[in-house]
Amino acid sequence: MKGNKPMPDTAIRIQQFTKEYPVPRQKEKRVAVNNLTLTVPTGGLFGFLGPNGAGKTTTIKMLLGFLPPTVGEAWLFDRPVGDDRARQRVGYLPEQPYFPKFLSALEVVKAHAGLSGLSGSRAKERVETCLRQVGMWDNRHMILSKCSKGMTQRVGLASALVGDPDLLIMDEPSSGLDPLGRKELRELLTALKNDGKTIFLSSHLLSEMESVCDRVGVMARGTLVACGTPAEITQAGDGIRVQIESAERDEVLNTQIKDWGGTVEVVGEGSAFLRVPSAFVYQVMGLLETRRARLVAVTSQRETLEDAFLRLVG
Amino acid sequence: MQALRNIGIIGRITMLEGARKQVFHVLMLFAVFLIFGSASLAKFDQHVQMKMLNDLCLFCVFLVSSVVAITITVTGVPGEMEQKTVYPVIAKPVARWQFICGKYAGAMGTVAIGMAIMAATFTFLQLSYAGHLDMAMFYVLPFLYLETAILAALALWLSTWASWPLAWFLSVLLCLLGNLKFPLYDSLMARPQSGFNRVAINTLYHLLPNLESFNFKDAMVHHLTVPNAYLWQTAAYGIFYTAALLTLASLTFARKEL
């Protein structure tokens, strides 16, 4: 059915999404998302970052048609989000998924297979594959009220995957998972990405995002403040850390480092860390030779996604 | 076809969930206890005893079915939103009206399970006391079910815009008004009313469901014959009223921010 249609180039296209909520007894409205324009190409993993209240979940809710935007439009695989068929190729994992608690894991995933349009042996096969993929096959008859948070999360993941969607929208997928579960999730995300799926993932776990995301968007106070590959976003803070030993405090060296936009941190008797942009690495080496300071170590001080995130939303 | 499948799947989940809840089991135990209890109350000569037994048993069936129907539907949609169970379902290609119809179908499935248990108990008592089955049961009980179907649709519509306690209260109130519609109307119109009041009373009279017309309990108790045409008319009225309420509920839910 879906295999016959050519895959559009963009999985998600958002144009000037704005969501305002009225504030009780006040004239002005609270802006949850402000003029968001974003394009997520087909294939790859897009990380949607932002602190609490940045507008990530509101954006996801608007994308899935749970909330109408005050202004703006969006398309999923070129279909407007208001069209129920737009969600035909989408799997969604909400933050801390909830399911009817008197149902078993198997019943829930089976129901979601049916809602995704699968039936018969194909549905049966997908249900088993997905429950095995998330490690819940052995506990498939367990009633959800007896499942742990992590197990419910796995059932949620299986329900999102069961329709074999081309686009997976995940809100904090690793919440509730233990370290092993997180590792398995990372492997699963990588496998899905390699399978050609598009994954749109919101998360607070930035170190995990950095290792798996192809592109990221950073939201702060309802506005998209940065969007690009992790390397593009972290580039501005790229630098080196140089550990030196010097017999005495060298004011000339300190002044020169500061002139290059770096910092000097004295850490003990005759020992210091210099932090400078990587563009000045050779000049620093020359300066150390001139000032007769002993070089102990040079390490790359590339800004992590977390550093960039803090810089952008701070 | 996928729309019908979606309704069926949501209905099945709702029914399984409803039938596995402890409160449902307690209500069923209570109903069976009430039906058996009514047998011990009806201690007269056999003719009067059977009339009382039928009367009390049918009242129990109506009471418990109505409570189950109202409670399940009134908490269904708000509960799904509060517990966020609605999100994974609505994120699938499922239209909002399909969700509403599915929830309704599931609730009515649970009511049907409950009614079947109560009907079985009632049948057992009838066979034990009278030695035969009163065939009127075969139309009295379906019409009681149709009455609860209207109540459930009403409760569902109320729950799409009101909080569940308010929706529950309004459903019970409308259930009472719907059953007392004729005497209430007659007593209000017998008094002198202003022109505005007369219009308001008449409007309410026509808008309120005529639940009393589904009550064939007296016909069964007193062995009266009900014309077939009247039965068909009442059934059509019940189905159209339910469909109208479900349409209203779907329209309200479609505009709701989740």
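Chain letters run A, B, ... following the sequence lines, proteins first, then strands; residues in each count from 1.
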With side chains defined as the heavy atoms from C-beta onward, is the minimum distance between [X] and [Y] less than 4.5 Å?
{"X": "A:R87", "Y": "B:K92", "result": "no"}
{"X": "B:E257", "Y": "A:M62", "result": "no"}
{"X": "B:R5", "Y": "A:S119", "result": "yes"}
{"X": "A:L67", "Y": "B:L258", "result": "no"}
{"X": "B:R20", "Y": "A:L103", "result": "yes"}
{"X": "A:V108", "Y": "B:I13", "result": "no"}
{"X": "A:Y92", "Y": "B:P88", "result": "no"}

Mark yes when over 12 heavy atoms from residues, nucleotides or ligands other than [X] sit less than 6.0 Å from its [atom1]; otherwise mark no.
{"X": "B:F36", "atom1": "CZ", "result": "yes"}
{"X": "B:F30", "atom1": "CZ", "result": "no"}
{"X": "A:K56", "atom1": "NZ", "result": "yes"}
{"X": "B:F24", "atom1": "CZ", "result": "yes"}
{"X": "A:W75", "atom1": "CH2", "result": "yes"}
{"X": "A:K193", "atom1": "NZ", "result": "yes"}
{"X": "B:R12", "atom1": "CZ", "result": "no"}
{"X": "B:F124", "atom1": "CZ", "result": "no"}

In Å, rounded to the nearest 0.5 Å, how long is the span from CD1 of B:I9 to CG of A:L115?
4.5 Å
Highest number of heavy-atom pairs under 4.5 Å with chain A among B:Q98, B:K21, B:E80 belongs to B:K21
Measure [X] against the heavy atoms of chain A and call it side chain, backbone, both or neither at under 4.5 Å.
{"X": "B:V89", "answer": "both"}
{"X": "B:I90", "answer": "both"}
{"X": "B:E17", "answer": "both"}

Restricting to ring pair (Phe, Tyr, Trp, His ring centres under 6.0 Å), what partner residues turn up for A:F17, sequence neighbours left out?
none
Sort A:P94 into side chain, backbone, both or neither according to what part of it lies under 4.5 angstrom from a heavy atom of chain B.
side chain
Below 4.5 Å from any heavy atom of chain B, which atoms of A:A86 appear? Answer side chain, backbone, both or neither.
neither
Chain B interface, residue from A:A160, A:G156, A:P68, A:P100 that has the most non-hydrogen pairs under 4.5 Å:
A:P100
Residues B:Y87, A:F66; criterion ring pair (Phe, Tyr, Trp, His ring centres under 6.0 Å); working and verdict:
CA-CA 8 Å; B:Y87 294 136; A:F66 301 161; 4.9 Å; yes
